[in-house]
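Have a look at the structure below, then the notes.
Note that the coordinates shown come from a computational prediction; the quantities given were computed from them, not determined experimentally. Below, chain A is the first sequence line, B the second, and so on; all start at residue 1.
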Protein chains: 2
Amino acid sequence: MRSSVWGSEPLPRVAAPLREQVTDRVRAAILDLRLKPGERLIERELTESLGVSRATVREVIRQLAAEGLVTVVPQRGAEVTSLSASDAADIYEMRASLEALAVRRFVQRAGEEQVRALRAAVDEIARSADGDGDHLGAKDRFYEVLMEGSASGPLQQTLAGLQARVRLLRATSLSAPGRPARAAAELRAVVDAIEARDADAAAEACVLHIRHAAETATAQLTG
Amino acid sequence: MRSSVWGSEPLPRVAAPLREQVTDRVRAAILDLRLKPGERLIERELTESLGVSRATVREVIRQLAAEGLVTVVPQRGAEVTSLSASDAADIYEMRASLEALAVRRFVQRAGEEQVRALRAAVDEIARSADGDGDHLGAKDRFYEVLMEGSASGPLQQTLAGLQARVRLLRATSLSAPGRPARAAAELRAVVDAIEARDADAAAEACVLHIRHAAETATAQLTG
DNA sequence: CGTTGCCGATTGTCTGACAGCCAGACATGA
DNA sequence: TCATGTCTGGCTGTCAGACAATCGGCAACG
């Protein structure tokens, strides 16, 4: 029996372990600012509100600490990470470098189908920038396709961590008037270059995009 | 009482939590190849050989998984990560980008004292390349100074993870004849540029260094 | 008004337990 | 003989409960 009938992948685990579901929920709470930066995460409170044991909660906290979303102070526990302006700048710089790299990989490795998907995603972003549709979700989908197509485990893992931290700021940076539309245009430039299979141009466009995002974000932070 | 008497830092925690000591020991075992890539990490075995409880062992495993040193398969447990050639290439590429960034930050933020320390570290590397002294340790010290001087938490955390993974390969890549000496020369070029406070040149030299390291490493891997 | 000492809140760690899953050994039947 | 069920041991996933160590604040005290 040819295995390709089922697709080449070893079946992506339907029922996620409890630990991961909990991790996702807490992460979401942090990114939605239901848990604000600086707020303490008390283990017993989490066990109660999430309905899981302390052991599980602790593993979740380690996970989120590794992602940089929470900071643990020895003998004091975890709190939601609050980023300094200089941290934010560094994170944006790192994102610029690594996403440029991801885009390069995408050009090398992605198939026609994936390029089309990326185009569709950027169109969706543009549409949502004009008012209707959920902008955050559209952007998430864009990055999902990008990561899928660049086909690099290490890159994906690292960038995911960076993006999560950026989102700690994103609520503010996105609110800049007119920013969504410009962001959409910048991403379109990236996809244009990708379709032309021009890795250098795509990477450069990508760096430009992140730099602009960083500028509006830090402007809001310091202003 | 002036706090500067004790140094400005908030005291780097002398008595590390047990969990961290254990993490360090397991990490060291992996990097020394006492635990080989692909080898399974069985929780009960670890509790016995390390003398700690299973809860602690599990937290340690999560930590190392986040660093990318071990891979956990749901319902099957953790094993030492084994990197594909393409993963290795991506990791080196990421390192090149991020270390270049770190070097730029160093130029911006480090003081005279730290530049001197970096110079000393690279001298030590050169000396150890000529036979005597421990090369790995010298390189570690170099990066320690670099990270300290670039003063960026996020960068430091991310790069530490990448470097750990590179070390999974390093045992092989370092054995290339003549490589240590050339590596020393390349790092010297980085420091030269730093001393001249030329961030662009320093970053470029840094990228060059990592590229060369990547080449010899992948040559060994595929050969 | 600055110290000192105590107390509650929380984390760090351990023990023991039980269900569920997986892989491989084993047995069964065509 | 080969394919198909079935069983079993080895692990992981998760839980509950317990106890010492430590931190932070508060109150008594000099």
Check your understanding: Within this structure, what is the CZ-to-P distance between A:Arg54 and D:dG13, rounded to whole angstrom?
Key -> 20 Å

Point to revise | Short side-chain N/O contact from A:Arg62 to OP1 or OP2 of C:dG12, under 4.0 Å | key: yes

Exercise for review: Give a yes or no on this: more than 12 heavy atoms of other residues, nucleotides or ligands lie within 6.0 Å of atom CZ of B:Arg109.
Suggested key: yes

**Study point:** Nearest-nucleotide pick for B:Val52, side chain only, options being C:dC14, C:dT10, D:dT14
**Key:** C:dC14

Review point. Do B:Arg141 side-chain atoms and B:Ala121 backbone N/O form a donor-acceptor pair below 3.5 Å?
Key: no

Review point. Tell me: CD of A:Gln63 to P of D:dG13, nearest whole Å?
Key: 13 Å

Check your understanding: Within less than 4.0 Å of OP1 or OP2 of D:dG13, is there a side-chain N or O belonging to A:Arg19?
Key -> yes

Practice item. Nearest whole angstrom, please: distance from the P of C:dA23 to the CZ of B:Arg76. Key: 6 Å

**Study point:** Closest to the A:Ile42 side chain, choosing from D:dC11, C:dT11, D:dC15
**Key:** C:dT11

Check your understanding: Phosphate oxygens OP1/OP2 of D:dC15: is one of them under 4.0 Å from a side-chain N or O of A:Thr56?
Key -> yes

Exercise for review: Could you tell me whether B:Gln108 atom CD has more than 12 heavy atoms of other residues or ligands within 6.0 Å of it?
Suggested key: yes

**Study point:** Nucleotide nearest B:Arg58 when distance is taken to its side chain, options D:dC11, D:dT14, C:dT10
**Key:** D:dT14

Check your understanding: If you look at every heavy atom in B:Arg19 and B:Val60, which pair is closest and at what distance?
Key -> O-CG2, 3.5 Å

Revision key, fill the gap. From CD of A:Glu48 across to P of D:dA16 the rounded distance in Å is 11 Å

Check your understanding: Among side-chain atoms of A:Glu215 and A:Tyr92, is any donor-acceptor pair under 3.5 angstrom?
Key -> no

Practice item. In whole angstrom, give the distance that lies between atom CD of B:Gln75 and atom P of C:dG24. Key: 16 Å

Review point. Atom CG of B:Leu18 and atom P of C:dT15: how far apart are they, to the nearest Å?
Key: 11 Å

Study note, to complete from the structure: Whole-Å distance, B:Glu43 CD to C:dC21 P, equals 17 Å

Review point. How many Å lie between CD1 on A:Ile61 and P on C:dT10, as a whole number?
Key: 13 Å

